[in-house]
Each structure stands twice: as structure tokens, then as C-alpha cells.
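I have placed the structure first, in the form of C-alpha cells, so that the comments after it can refer back to it.
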2 protein chains.
Amino acid sequence: MEMNDDIKERLKECGLKNTKHRKAILDFMFCSRVPASAEQVYIQMNGQGTSIDLSTVYRTLETLREKGLLIKHDRLNDTRALYEYNRMEHKHYLVCLGCNKMLPIKDCPLAEYERALEKATNFVIAGHKLDIFGYCAECQEKGLQE
Amino acid sequence: MEMNDDIKERLKECGLKNTKHRKAILDFMFCSRVPASAEQVYIQMNGQGTSIDLSTVYRTLETLREKGLLIKHDRLNDTRALYEYNRMEHKHYLVCLGCNKMLPIKDCPLAEYERALEKATNFVIAGHKLDIFGYCAECQEKGLQE
DNA sequence: ATTGCAAATGCAAGTCATTTGCAATATACA
DNA sequence: TGTATATTGCAAATGACTTGCATTTGCAAT
């Protein structure tokens, strides 16, 4: 498969051994359109026949993050971190306060604002982090928005 | 003291008993110009002669947050949460990556953007968190922006 | 001032996500 | 194929916080 070869190649580039666990996790992360927790990855792996220990999942996610293949989100609300395949895109997230689901948002309303801010403050701006919180449609139905 | 009476009044308004622990913690938070962790509060209390258990610190901070007297920051980098006296201001921070200085920014460029986002996503938006990173004038001079 | 009782506290034990030590195993490359 | 080294599973540890429960305290009604 093309994607698998690509994944394999990316591991090699990073100086990582191509193990079935790593390949399976990176594959899954690549295909997942929303960030996933270590436990979700663990359940997915064991569900799809790739037997793996939870600690290995944690170690693998961290290794892949170190190499820049994944992005780690330390959640502000929930207690557990989420990981996501790094597609090298600048984006923000709409975070549901009910179920902690993260919805990536592609467009960014801040580019012009940053330029104005640079002039006003003498900072050289290197980047920003924006999370928007709210309640998704399902949680609104469940009455979770209190 | 005026401030103490004010603090006492605020506790009463919230239906909270005026205990020496709560008063001491709220006092400290009011005076502190930077957010503090539970452990920092614990050390401060016991250092100033207000003997208190760590679990009580946690419970107190959470109670005060529930009542809106404090703001909780789940820091992105550190593992522990920080609390800060709620002065009822919406603000963002320009954070210097060289010296960690935080410059508060009063204006917020996101109100209109949020309204558009609500329509586009069916989320009910409750708030947002924006930090902008860069290098301040002094750190630029020091060549710290790598 | 005294009392009654819910709220607040201390202490110890419990959670829960994540990390780590170590022995067993798998991989890359000679 | 052999072997040095990276990776894994398992169990135990960590660290920030939370909770159960018996005791104490604040405060409102006597």
C-alpha cells in the first residue's frame, strides 16, 4: 500500500525502527480526523488485532511527538492528553466542554491582528495558540451545557 | 482592615462560611499579582502561620472557583493548575518566549469571529483562550529570538 | 452566652492518567 | 545468521488531585 510505505518511510527518516506497533499507531493517527487519547488508541489497537500494552502506547505517542510526527494537546478541561497526526497546518480548535471532542478549524482570524499588534507593542510575534470552548450539538441535546 | 472586610463580605455573598483558611487564601490570592498553584498556596499558608492541610487548599480553591471568586488556569506546559483572583476582566496575553514576561492585551479580536463560528458549526460557544507568543523588545536586543 | 446542626477541616486512603525499571523480545544491519 | 541495540510487556511507582469519614467550627436560633 502506498500509505503504509509512506508511513514506513517517515519512521525511517526519523531514525525509528519500523515495528508493527508504531506503524499501526501512526497509520491510525494518520487516518483519524480528530485527535485521540492514549486510551482510545489502546482500545483501537487491541480492537483491530494489534495487541499492545497501554504503556507502549504512551511511549510510542511520545516518541512520535518528539520526532514531530504527532502533535500533543494537553487538554485544559479534561484530564487526559490528546494526540493528532501532524499535517503541518496552522489551525485552531473548537473544544466541546461536554464531551471534550476537538474539532479542528482551518481558518485563522488572527493574521492581520498580529501584524497590528507587532506595530503596537514592538514584539516580534512568533505564533499563537487559540482554543475556543463551547458545547457541540450532541451535548446541547443532552442538556450538558448547564 | 478594609480589604479584609471586603473579602469577608464576598464570602458571605457566596453563601460561604467565613473561616480563617478561606479568608487567608482569598486574601493571598487577591494580593498576588501572578497565578499560584495549590502547592504554592499551601506553602504560603503554612509559612505565614495559617496551618492548613493540602487537601483543604484544593477544596478551598475549587470552592472559590465555583463561586467565581477565582479563575483556574490549566497551564499548557506545567502539569499543575494555577489559580488567580478573578478581577472580572477578559484579557489575553502576549507572552515573551525569551523572558516569559506576560503583557496583558485589553482588546479582543474574536467576538465577531465567534458569532460566525457558531453559525457554521452548531456549537454554542462559551469562551476562548488566546495566547500570543513572541519576543519583546529587550529580548530582541539580546538576540534571544534565535 | 448556649446550643444545634450543617458546613468545613484534617488525615489517611483512594483515583487516574501517565511514567518507569527491568527482563524479555524484536529489529536493523553487519 | 548473529548480535548490538531499540522496543515491548508487565508490574510497580508517581504525582496531582480527590474522597470518606470522624472531628471541629461557624453561625443562627434560642
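Residue numbering restarts at 1 for every chain, and letters A, B, ... go by the order of the sequence lines. Computation of the quantities below employed the complete heavy-atom set of this structure, encompassing side-chain atoms and omitting hydrogens, waters and symmetry-equivalent molecules.
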Which whole-number value in Å describes the distance from [X] [atom1] to [N] [atom2]?
{"X": "A:Lys12", "N": "C:dT27", "atom1": "NZ", "atom2": "P", "result": "14 Å"}
{"X": "B:Leu82", "N": "D:dC17", "atom1": "CG", "atom2": "C1'", "result": "14 Å"}
{"X": "A:Asn18", "N": "D:dT5", "atom1": "CG", "atom2": "C1'", "result": "16 Å"}
{"X": "A:Lys20", "N": "C:dT25", "atom1": "NZ", "atom2": "C1'", "result": "11 Å"}
{"X": "A:His73", "N": "C:dT18", "atom1": "NE2", "atom2": "P", "result": "14 Å"}
{"X": "B:Lys23", "N": "D:dC27", "atom1": "NZ", "atom2": "P", "result": "10 Å"}

### Task
Return the nearest nucleotide to the side chain of A:Lys17; candidates are C:dT27, C:dT18, D:dC27.
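In terms of side-chain proximity for A:Lys17, the closest of C:dT27, C:dT18, D:dC27 is C:dT27.
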### Query
Backbone N or O of A:Cys136 within a donor-acceptor pair of the B:Asn122 side chain at under 3.5 Å?
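No, B:Asn122 side chain to A:Cys136 backbone: no donor-acceptor pair under 3.5 Å.
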#### Entry: Backbone of A:Lys8 reached by a side-chain donor or acceptor of A:Asn18 within 3.5 Å
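Judged by distance alone, no pair lies under 3.5 Å.
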### Task
Report the residue (B:Leu16 or B:Lys72) whose heavy-atom-nearest nucleotide on DNA chain D is the more 5′ of the two.
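Nearest nucleotide further toward 5': that of B:Lys72.
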### Query
If only side-chain N and O atoms of A:Thr19 are considered, is one of them under 4.0 Å from the OP1 or OP2 phosphate oxygen of D:dT8?
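Yes.
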### Query
Between B:His21 and C:dG10, is there a side-chain N or O to OP1/OP2 distance below 4.0 Å?
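Yes, such a contact exists.
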### Query
Does A:Arg65 come within less than 4.0 Å of A:Glu62, counting only side-chain N to carboxylate O?
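Yes, this pair counts.
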### Whether B:His90 and B:His128 hold their rings parallel, tilted or perpendicular, with breakpoints at 30° and 60°
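The arrangement is perpendicular - the two ring planes meet at more than 60°.
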### Task
Please name the pair of heavy atoms, one in B:Cys14 and one in B:Leu69, separated by the smallest distance, quoted to 0.1 Å.
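That closest heavy-atom pairing would be SG-CD1, 4.0 Å.
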#### Entry: Involving DNA chain D, stems made of at least three consecutive Watson-Crick or G-U pairs, both distances under 3.5 Å
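Ordered by first number, the stems with DNA chain D (at least 3 consecutive pairs each) read C:1-30 with D:1-30.
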### Query
Do A:Arg33 and A:Tyr85 meet the cation-pi criteria used here (NZ or CZ under 6.0 Å from the six-membered ring centre, within 45° of the axis)?
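No, A:Arg33 does not lie over the aromatic ring of A:Tyr85.
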### Query
In residues 36-70 of chain A, which ones come under 4.0 Å of DNA chain D, going by heavy atoms?
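Listed by number, they are A:Ser51, A:Ile52, A:Asp53, A:Ser55, A:Thr56, A:Arg59, A:Thr60.
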### Query
So do the side chains of B:Phe123 and A:Leu103 get within less than 4.5 Å of each other, counting heavy atoms only?
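The answer is yes, as the side chains (C-beta and beyond) meet within the 4.5 Å cut-off.
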### Message
Atom CD of residue position B:Glu112 - does it have more than 12 heavy atoms of other residues, nucleotides or ligands inside 6.0 Å?
### Response
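Open.
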### Task
Check each of B:Leu70, B:Ile25, B:Thr19, B:Leu26 against B:Thr60 using the side chain to side chain contact (heavy atoms under 4.5 Å, CB included) test, and report the only one that passes.
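Single pass found, and it is B:Ile25.
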